[in-house]
Amino acid sequence: MSILVTGGAGYIGSHVLRLLRDRGDDVVVIDDLSTGRLERIGDVPCVTINLAADDSPDLIAQVIAAYGVTAVIHLAAKKQVGESVERPGFYYRENVGGLANLFLGIEGTPVDRFVFSSSAAVYGSPASSTVREMDATQPVNPYGETKLAGEWLVRAAAHSLGIKTVSLRYFNVAGAGWPDLGDSKPLNLLTLAIAAIERGDQPVIFGDDFPTQDGTGVRDYVHVSDLAAAHLVALDGLAGGLEHDVFNVGTGTGASVREILAELQRVSGEDREPRITARRAGDPATVVADITRITQELSWRAERGVADMVESAWSAHLHERAGLAGVPVAPERA
Ligand code: WQD
């Protein structure tokens with residue numbers, strides 16, 4: 001009996017994988033390696049499959065049979081909001097089409113548990129600053145739409161295939177559980193700010209005139225190790241049966257852009273003052289998770305705060321920089 005992790009070579013997937021391995025679970029990865037990296041997964045078997053390709057259901061079924069898979073954690077997806085606006089067809093094909101193929105591959109197999117990687121992007125610009133799972137889902141970009149459509153498909157598959165499923169709505173994921181598993185793509189606030197420092201530029205603040213404590217945007221930053229742990233808790237919870245099938249995964253506490261950047265200044269020793277620009281289109285002032293449901297039903301709570309996220313992200317950055325400079329870097333523990 002083993003667990004299939006799709007997207008296991010990615011930033012979040014590799015953390016999930018390491019936690020599963022650490023507790024002794026058998027695992028197998030499916031990843032198309034478009035952004036994933038094999039060196040993140042060590043000796044875990046990895047089958048290179050693009051889930052959106054026409055032949056993927058057969059290949060998935062073969063992997064399930066060959067490895068005795070009974071549970072799936074599905075993280076493989078595209079996640080760039082801007083790109084999704086430019087290429088909605090690509091995002092729907094990859095994220096929704098890939099998920100549809102995954103369920104076609106699962107049909108008729110012993111798989112009975114499924115964890116889906118969803119996103120706070122399903123809420124769009126929430127009406128209230130703290131968001132609950134039962135609040136309106138109104139994504140404001142195709143990326144968020146594909147995650148919401150994914151949740152619907154997961155629910156439909158749960159009914160038709162008789163499997164137990166759960167969707168985890170990630171808030172703003174940051175940090176690294178191990179220095180070799182950092183988020184190497186500068187796509188979010190912290191990774192963009194680190195990349196700016198690396199180039200000798202100033203980090204950028206997209207607007208300081210929001211109705212927040214210091215005028216900058218407030219988000220719920222959750223450490224990737226805490227998020228990864230939530231997958232294991234959700235998977236285990238499914239075995240017993242859960243009351244709900246959608247959970248926010250955040251800390252329940254917001255941090256502003258200024259707070260994150262101040263922490264980065266402290267940790268990096270780089271005191272370049274951030275540059276203020278206009279607001280980015282579509283950015284809400286505040287998005288923070290209400291974590292009542294996951295706390296009560298799964299007894300999960302984030303253990304790490306902003307300092308830990310920024311410190312570990314910076315360590316991972318230094319680890320990567322040393323590797324790029326040709327210095328051998330061992331995958332040590334954080
Ligand atoms: C955070 C805050 C920015 C960069 C997005 C997606 C979401 C999810 C996570 C998925 C905001 C501000 C940012 C910068 C800044 N996606 N900012 N300067 O927009 O909350 O969420 O990523 O996988 O679906 O929408 O995250 O990190 O881009 O921004 O001031 O250089 O930082 O305005 O307030 P966001 P983010």
Side-chain angles (χ1 to χ4, degrees), residues 7 10-13 15 35 74-85 91 94-95 116-126 129 131 137-151 167-175 183-199 201-224 227-228 248-251 254-265 272-289 306 309-310 313:
Y11 163 56
I12 300 170
H15 282 85
T35 54
H74 175 55
L75 300 104
K78 299 291 164 195
K79 63 168 185 181
Q80 294 186 45
V81 171
E83 188 182 47
S84 82
V85 175
Y91 268 66
E94 294 291 310
N95 291 2
F116 175 58
S117 154
S118 186
S119 167
V122 301
Y123 296 115
S125 300
S129 51
V131 219
T137 45
Q138 291 172 323
V140 291
N141 51 60
Y143 166 72
E145 290 165 16
T146 65
K147 288 295 174 182
L148 185 56
E151 289 187 6
S167 294
L168 301 179
R169 292 178 176 165
Y170 309 166
F171 281 67
N172 292 61
V173 188
D183 185 1
S184 52
K185 292 260 179 320
L187 299 172
N188 301 108
L189 170 63
L190 186 54
T191 49
L192 282 166
I194 290 174
I197 289 176
E198 184 63 35
R199 290 192 310 269
D201 286 344
Q202 297 161 279
V204 176
I205 295 180
F206 295 146
D208 66 349
D209 57 351
F210 288 98
T212 59
Q213 69 265 25
D214 63 17
T216 67
V218 169
R219 296 292 183 271
D220 188 333
Y221 296 90
V222 56
H223 194 293
V224 64
L227 172 69
N248 286 341
V249 191
T251 63
S256 73
V257 176
R258 273 198 195 283
E259 284 170 339
I260 298 286
L261 295 182
E263 195 60 30
L264 181 58
Q265 276 190 353
R272 226 172 302 270
E273 270 309 299
R275 183 164 56 89
I276 317 285
T277 67
R279 290 184 187 189
R280 191 171 61 178
D283 267 351
T286 303
V287 185
V288 175
V306 163
M309 288 179 231
V310 175

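In what follows, every heavy atom counts, from backbone to side chain, and hydrogens, waters and symmetry copies are set aside. Atoms within a ligand are numbered from 1 in the order they appear, just like the ligands themselves. In this chain, numbering begins with 1 at the start of the sequence shown.
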Enquirer: Which atoms from ligand 1 have a heavy atom of G217 less than 4.0 Å away?
Expert: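 Ligand 1 atoms under the 4.0 Å threshold to G217: 34 (O).
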Enquirer: Specify the protein heavy atom at minimum distance from atom 4 (C) of ligand 1: its residue, its atom name, and the distance to 0.1 Å.
Expert: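 That would be F206 CE1, 3.4 Å.
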Enquirer: List ligand 1 atoms under 4.0 Å from V81, heavy atoms only on the residue side.
Expert: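 The list of qualifying atoms is 6 (C), 25 (O).
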Enquirer: Give the ring-plane orientation class for Y91 versus Y143, where under 30° counts as parallel, over 60° as perpendicular and anything between as tilted.
Expert: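 Answer is perpendicular, since the angle exceeds 60°.
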Enquirer: Just wondering, do Q213 and S256 contact through their side chains at under 4.5 Å, heavy atoms?
Expert: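 Touching, per the 4.5 Å side-chain cut-off.
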Enquirer: Looking at non-hydrogen atoms alone, which of R219, R258, R169 comes nearest to atom 11 (C) of ligand 1?
Expert: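 Among R219, R258, R169, the closest heavy atom to atom 11 (C) of ligand 1 belongs to R219.
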Enquirer: Given V287, L190, N188, V218, identify the one with the heavy atom nearest to atom 22 (O) of ligand 1.
Expert: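 Closest candidate by heavy-atom distance is N188.
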Enquirer: Among protein heavy atoms, which sits nearest to atom 24 (O) of ligand 1, and what does the distance come to when rounded to 0.1 Å?
Expert: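 Checking every protein heavy atom, the shortest distance to atom 24 (O) of ligand 1 gives A121 CB, 3.1 Å.
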Enquirer: Starting from atom 26 (O) of ligand 1, which protein heavy atom do you reach first, and at what distance in Å?
Expert: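 I find the closest protein heavy atom is N172 ND2, 3.1 Å.
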Enquirer: Kindly confirm or rule out an N or O of L187 lying under 3.5 angstrom from an N or O of ligand 1.
Expert: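 No, no N or O pair falls under 3.5 Å.
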Enquirer: Taking 4.0 angstrom as the limit and counting only heavy atoms of V204, give me the atoms of ligand 1 inside it, by number and element.
Expert: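 Answer for ligand 1: 14 (C), 15 (C), 18 (N), 30 (O), 31 (O).
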Enquirer: So if I count the atoms of ligand 1 from 1 in the order they appear, which ones are less than 4.0 Å from some heavy atom of S119?
Expert: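 Those of ligand 1 that fall under 4.0 Å from S119 are 24 (O).
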Enquirer: Quick check: do P284 and R219 have side-chain heavy atoms less than 4.5 Å from each other?
Expert: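 Yes, at least one pair of side-chain atoms sits under 4.5 Å.
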Enquirer: Heavy atoms only: which of Y221, F210, Y143 is nearest to atom 23 (O) of ligand 1?
Expert: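 Nearest option to atom 23 (O) of ligand 1, by heavy atoms: Y143.
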Enquirer: With heavy atoms of R280 as the reference, note each atom of ligand 1 found under 4.0 Å away.
Expert: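 Listed by number with element: 3 (C), 19 (O), 28 (O), 29 (O), 36 (P).
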Enquirer: Numbering the atoms of ligand 1 from 1, which are under 4.0 Å from a heavy atom of I205?
Expert: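 Close to I205: 30 (O).
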Enquirer: Could you check atom 33 (O) of ligand 1 against the protein and tell me its nearest heavy-atom contact, residue, atom and distance included?
Expert: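 I find the closest protein heavy atom is D283 OD2, 2.5 Å.
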Enquirer: Checking a contact table here: which protein heavy atom is nearest atom 32 (O) of ligand 1, and how many Å away?
Expert: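 Closest protein heavy atom to atom 32 (O) of ligand 1: V257 CG2, 3.4 Å.
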Enquirer: What's the separation between atom CG in L75 and atom OH in Y170, rounded to the nearest 0.5 Å?
Expert: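 Interatomic distance, L75 CG to Y170 OH, rounded to 0.5 Å: 4.0 Å.
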Enquirer: Show the atoms of ligand 1 that are less than 4.0 angstrom away from any heavy atom in L189.
Expert: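 Those atoms are 4 (C), 13 (C), 14 (C), 15 (C), 17 (N), 18 (N), 27 (O), 32 (O), 36 (P).
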